[in-house]
Amino acid sequence: MFSRLKRVLVESYVGVVALGYTLAQCILQFVGLFTTPFQAWYTRVQYSGSMLAQMPHSDQWVSESLMALLRVLLLLLFWYLLLHWLYFSPVKKDAAAPATNPQ
């Protein structure tokens, strides 16, 4: 069952699109890892007006960053496993199809 699914994904290029989308999500999450704390800080500053009173707590910032890093690593692991499964091992050809005779 998985061999047929693999063959369909490789031959119809759906696997390449899935790999590209997964890698793009990984890159976006990685960029978000650095921009989200600054965005949260800027939003707090805009609503409160006082920069010193609304500095984010360090433990909250660290826990949010660790969760975002875990998300990036899991996406990257999923991307690599999908890449390895689809393209690092050869696709088995269907044995039921007769071979063409050049004569």
Side-chain angles (χ1 to χ4, degrees):
M1 181 173 112
F2 284 115
S3 62
R4 287 192 309 166
L5 176 65
K6 179 180 174 180
R7 190 178 71 231
V8 167
L9 288 175
V10 170
E11 290 176 356
S12 66
Y13 299 108
V14 174
V16 173
V17 172
L19 282 170
Y21 182 75
T22 306
L23 186 61
Q25 286 296 315
C26 186
I27 292 169
L28 287 173
Q29 292 293 326
F30 184 72
V31 169
L33 174 67
F34 298 107
T35 59
T36 302
F38 294 112
Q39 179 184 7
W41 172 77
Y42 183 74
T43 304
R44 286 187 199 120
V45 168
Q46 289 296 318
Y47 284 120
S48 71
S50 172
M51 290 175 53
L52 295 177
Q54 295 296 325
M55 292 297 287
H57 299 288
S58 63
D59 57 342
Q60 180 185 6
W61 183 79
V62 170
S63 65
E64 289 175 2
S65 296
L66 286 177
M67 290 304 294
L69 182 63
L70 180 65
R71 196 172 352 183
V72 168
L73 292 176
L74 286 176
L75 274 170
L76 194 60
L77 177 68
F78 177 73
W79 176 81
Y80 178 75
L81 290 175
L82 187 63
L83 176 74
H84 184 70
W85 179 60
L86 288 177
Y87 295 105
F88 286 168
S89 58
V91 177
K92 295 179 183 176
K93 298 294 181 188
D94 192 14
T100 58
N101 193 355
Q103 295 177 351

So which heavy atom on Gln29 is nearest to which on Leu75, and how close? CG-CD1, 3.7 Å

For Tyr87, is the OH atom crowded, meaning more than 12 foreign heavy atoms sit under 6.0 Å from it? yes

Tabulate below the donor-acceptor pairs under 3.5 Å that side-chain atoms of residues 12-22 make, not counting sequence neighbours, or state none.
| unit_1 | atom_1 | unit_2 | atom_2 | d |
| --- | --- | --- | --- | --- |
| Ser12 | OG | Val8 | O | 2.6 |
| Thr22 | OG1 | Ala18 | O | 2.7 |

Give the C-alpha distance, both sets of side-chain angles, the deciding distance and a yes or no for ring pair (Phe, Tyr, Trp, His ring centres under 6.0 Å) between Phe38 and Phe34. CA-CA 8 Å; Phe38 294 112; Phe34 298 107; 8.8 Å; no

Applying ring pair (Phe, Tyr, Trp, His ring centres under 6.0 Å), can you list everything that pairs with Phe88, at least two apart in sequence or on another chain? His84

CZ on Phe30 to CG on Leu76, rounded to 0.5 Å: 10.0 Å

Here the gap from Trp79 atom CH2 to Ile27 atom CD1, rounded to the nearest 0.5 Å, amounts to 9.0 Å

What distance do Leu28 atom CG and Leu23 atom CG have between them, rounded to the nearest 0.5 Å? 10.0 Å

Examine Leu82 and Val72 and state if one hydrophobic cluster contains both, with Ile, Leu, Val, Met, Phe, Trp and Tyr joined whenever side-chain heavy atoms are less than 4.5 Å apart. no

State which residues pass side chain to side chain contact (heavy atoms under 4.5 Å, CB included) with Thr36; sequence neighbours excluded, sorted by chain then number. none

Path from Leu81 to Phe2 over hydrophobic side-chain contacts below 4.5 Å: no

So, taking the atom named CG in Leu9 and the one named CZ in Arg4, what distance separates them when rounded to the nearest 0.5 Å? 12.5 Å

Enter the distance from Gln25:CD to Arg71:CZ here, rounded to the nearest 0.5 Å. 10.5 Å

Please round to the nearest 0.5 Å and tell me the distance separating atom CG of Leu33 and atom CG of Leu70. 11.0 Å

